[in-house]
Peer 1: 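One structure, as structure tokens, below. Some questions next.
These numbers come from the heavy atoms of this one structure, side chains and all, not from hydrogens, waters or symmetry mates.
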Amino acid sequence: MQTLRVERIIGAPIDTVYEWFADSGNYTASPFLLRNELVEPGADAPYGVGAVRKMSWLFGSYTERITANEAPRKFGWVIESGVPAIRHQGAELTFSKVPGGTRVVWTTNAQAAIPFAADFVTRHLAFRVLGIAFRNVLRIADVAITSPRKGKGKVRTGRSAKLRNYLFDQVLKLIRNIHHVILDVSGGKWGNRQFGMAAIELHVIGRKSGAKRSVVLWVPLMEPDRVILVASKEGDDRDPEWYKNLLATPEIELTIDGVTEPWVGRKASAEEKAVLWPRIVKAYHGFAVYQTRTDRDIPVVICERPASAAKAV
């Protein structure tokens with residue numbers, strides 16, 4: 001039986017880090033995990049002791065039973081069946097407080113279930129693949145939990161910067177115009193979901209022209225009386241134009257499922273963003289990745305129905 005151990009320090013409180021890892025649905029942000037299915041929930045929590053989950057990785061598919069959920073210190077499981085077959089004596093994630101955050105250690109004890117050269121294959125092939133995948137999940141967790149901003153760099157200026165910004169904006173505009181046509185022609189029935197998020201149209205008043213402007217956006221969080229938008233611009237160093245227009249004129253319209261209604265938009269406060277951001281990056285990990293591309297603090301926008309917005313004031 002061989003032991004594989006990988007670790008990483010994540011710059012966040014131990015409770016926050018543990019909560020992320022205790023829900024393996026978060027792992028699907030990694031390209032190595034194709035699917036996570038909770039087959040049977042635990043007695044005290046969805047991923048509590050006794051829960052059964054099916055993890056489909058690029059290298060194999062396994063049914064696992066949760067054996068430990070000792071927040072915020074240890075989360076353990078054992079593989080009960082899977083392909084390719086392995087002998088498994090258990091795996092665990094352990095968490096400890098360290099200067100700067102939380103140390104996460106991922107340990108698994110396993111051996112390839114083959115009639116010969118099991119130790120060699122496990123050590124030199126299986127564990128190399130597993131190590132890459134596990135380290136990727138740890139890195140994904142770090143980005144999702146901390147969403148570190150890119151360090152201050154040299155500001156691009158001159159003709160090359162203007163050309164780059166122009167081309168970038170035109171590509172985004174082309175993609176969104178095509179999407180707008182698809183939504184318009186289909187009455188909001190085609191192209192209205194991607195990456196698990198709903199597509200809506202935001203209608204704002206241009207702060208300079210006074211004309212109505214429209215843009216298609218993906219919505220990570222949607223509630224009956226609240227819609228959350230992210231002014232990411234794919235991690236560009238500039239705020240998107242729709243966001244600047246919304247700040248100038250908060251009275252907006254949203255088209256959801258082909259129905260256009262009035263809403264009021266505002267920038268989330270730092271406290272509100274701190275609460276919303278973990279839910280946002282769980283809905284779509286790409287937003288966390290976008291934050292790593294820029295030193296701009298990507299704004300979160302809260303859209304509320306006029307009556308709800310008036311009560312908040």
Side-chain angles (χ1 to χ4, degrees), residues 1-11 17-18 20-40 42 46-47 49-70 73-96 98 101-146 148 195-196 281-282 285-286 288-289 292:
M1 196 66 61
Q2 303 290 321
T3 299
L4 173 66
R5 173 188 169 107
V6 296
E7 63 178 80
R8 187 183 185 100
I9 294 176
I10 297 177
V17 176
Y18 185 91
W20 193 94
F21 280 97
D23 180 355
S24 53
N26 290 319
Y27 304 4
T28 55
S30 167
F32 287 92
L33 184 61
L34 305 177
R35 184 184 180 193
N36 169 78
E37 178 185 356
L38 182 60
V39 178
E40 180 182 331
Y47 289 94
V49 174
V52 177
R53 66 187 184 187
K54 187 172 183 179
M55 308 281 280
S56 298
W57 300 84
L58 281 175
F59 47 80
S61 182
Y62 298 95
T63 298
E64 305 171 349
R65 185 174 296 276
I66 308 304
T67 57
N69 190 340
E70 302 169 15
R73 298 293 178 181
K74 186 172 76 171
F75 187 84
W77 65 96
V78 63
I79 293 176
E80 295 188 329
S81 62
V83 178
I86 63 171
R87 301 184 183 94
H88 195 245
Q89 288 188 342
E92 66 179 23
L93 286 158
T94 58
F95 307 82
S96 57
V98 296
T102 302
R103 173 178 281 113
V104 184
V105 180
W106 190 325
T107 306
T108 188
N109 299 288
Q111 188 176 59
I114 55 178
F116 57 89
D119 285 348
F120 179 86
V121 171
T122 300
R123 184 183 304 110
H124 297 286
L125 179 59
F127 275 7
R128 289 192 178 185
V129 175
L130 290 176
I132 292 172
F134 294 170
R135 289 185 183 92
N136 181 260
V137 173
L138 293 176
R139 184 186 66 80
I140 289 291
D142 195 351
V143 172
I145 295 168
T146 66
F195 309 120
V281 299
K282 182 175 182 179
H285 179 72
V289 176
T292 67

Peer 1: Quick one: pull up OH in Tyr47 and CG in Asp23 and give me the separation to the nearest 0.5 Å.
Peer 2: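 It comes to 5.0 Å.
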Peer 1: Do you see a donor-acceptor pair shorter than 3.5 Å between the side chains of Ser30 and Asn136?
Peer 2: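 On atom types as modelled, these side chains qualify, holding a pair under 3.5 Å.
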Peer 1: Within this structure, what is the OG1-NZ distance for the pair Thr28 and Lys282, rounded to the nearest 0.5 Å?
Peer 2: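 With rounding to 0.5 Å, OG1 (Thr28) is 9.0 Å from NZ (Lys282).
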Peer 1: Could you pull out the closest heavy-atom pair between Val289 and Val143, with the gap in Å?
Peer 2: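 Closest approach of Val289 to Val143, heavy atoms only: N-CG1, 4.0 Å.
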Peer 1: Within this structure, what is the CD-OG1 distance for the pair Glu70 and Thr94, rounded to the nearest 0.5 Å?
Peer 2: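 Separation between the atoms: 11.0 Å.
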Peer 1: Extract all donor-acceptor atom pairs below 3.5 Å that involve side chains of residues 105-117 and protein atoms in other chains or at least two apart in sequence.
Peer 2:
from	atom 1	to	atom 2	distance (Å)
Thr108	OG1	His88	NE2	3.0
Asn109	OD1	Thr3	OG1	2.6
Gln111	NE2	Asp119	OD1	2.3

Peer 1: What about Phe95 and Phe21, are their ring centers closer than 6.0 Å?
Peer 2: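 Judged by ring-centre distance (under 6.0 Å), Phe95 and Phe21 do meet the cut-off.
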Peer 1: For the residue pair Val129 and Phe32, establish whether any side-chain heavy-atom pair is separated by less than 4.5 Å.
Peer 2: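 No. Closest side-chain heavy atoms not under 4.5 Å.
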Peer 1: What's the spacing between Trp20 CH2 and Leu93 CG if we round to 0.5 Å?
Peer 2: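 Between Trp20 CH2 and Leu93 CG, I get 10.0 Å after rounding to 0.5 Å.
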Peer 1: What pair of heavy atoms forms the shortest contact from Ala51 to Pro46, and how long is it?
Peer 2: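 Answer, listing the atom of Ala51 first, then Pro46: CB-O, 3.3 Å.
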Peer 1: Return the CG to CD1 distance between Leu130 and Ile86, rounded to the nearest 0.5 Å.
Peer 2: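 Nearest 0.5 Å value for the CG-CD1 distance: 7.5 Å.
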Peer 1: Mind running side chain to side chain contact (heavy atoms under 4.5 Å, CB included) on Leu138 and Val6 for me, showing each step along the way?
Peer 2: CA-CA 9 Å; Leu138 293 176; Val6 296; 3.9 Å; yes
Peer 1: Between the side chain of Asn26 and the main-chain N/O of Ala141, is any donor-acceptor distance below 3.5 Å?
Peer 2: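 No, the answer is negative, given that no donor and acceptor are paired below the 3.5 Å cut-off.
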Peer 1: Between Arg53 and Phe75, what is the shortest heavy-atom contact and its length?
Peer 2: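 Looking at all heavy atoms of both residues, the closest pair is NH1-CE2, 3.7 Å.
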Peer 1: Would you call the rings of Phe59 and Trp57 parallel, tilted or perpendicular if under 30° counts as parallel and over 60° as perpendicular?
Peer 2: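 Parallel, since the angle between the ring planes stays under 30°.
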Peer 1: Please report the interatomic distance CD(Gln89) to CD(Gln2), rounded to the nearest 0.5 Å.
Peer 2: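 Reported value, rounded in 0.5 Å steps: 11.0 Å.
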Peer 1: Quick check: closest heavy atoms across Ser96 and Arg73, and the distance to 0.1 Å?
Peer 2: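 Shortest heavy-atom separation between Ser96 and Arg73 comes out as CA-NH1, 3.8 Å.
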Peer 1: What pair of heavy atoms forms the shortest contact from Pro31 to Leu58, and how long is it?
Peer 2: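 Minimum heavy-atom separation between Pro31 and Leu58: O-CD1, 3.6 Å.
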Peer 1: Between the side chain of Tyr18 and the main-chain N/O of Lys74, is any donor-acceptor distance below 3.5 Å?
Peer 2: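 Looks like yes, one N/O pair under 3.5 Å.
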Peer 1: For Val17 versus Ile10, what's the shortest heavy-atom pair and its separation?
Peer 2: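 It is CG2-CG2, 4.1 Å.
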Peer 1: Give a yes or no on this: more than 12 heavy atoms of other residues, nucleotides or ligands lie within 6.0 Å of atom CZ of Arg35.
Peer 2: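 No - once you tally the heavy atoms of other residues, nucleotides and ligands closer than 6.0 Å, there are 12 at most.
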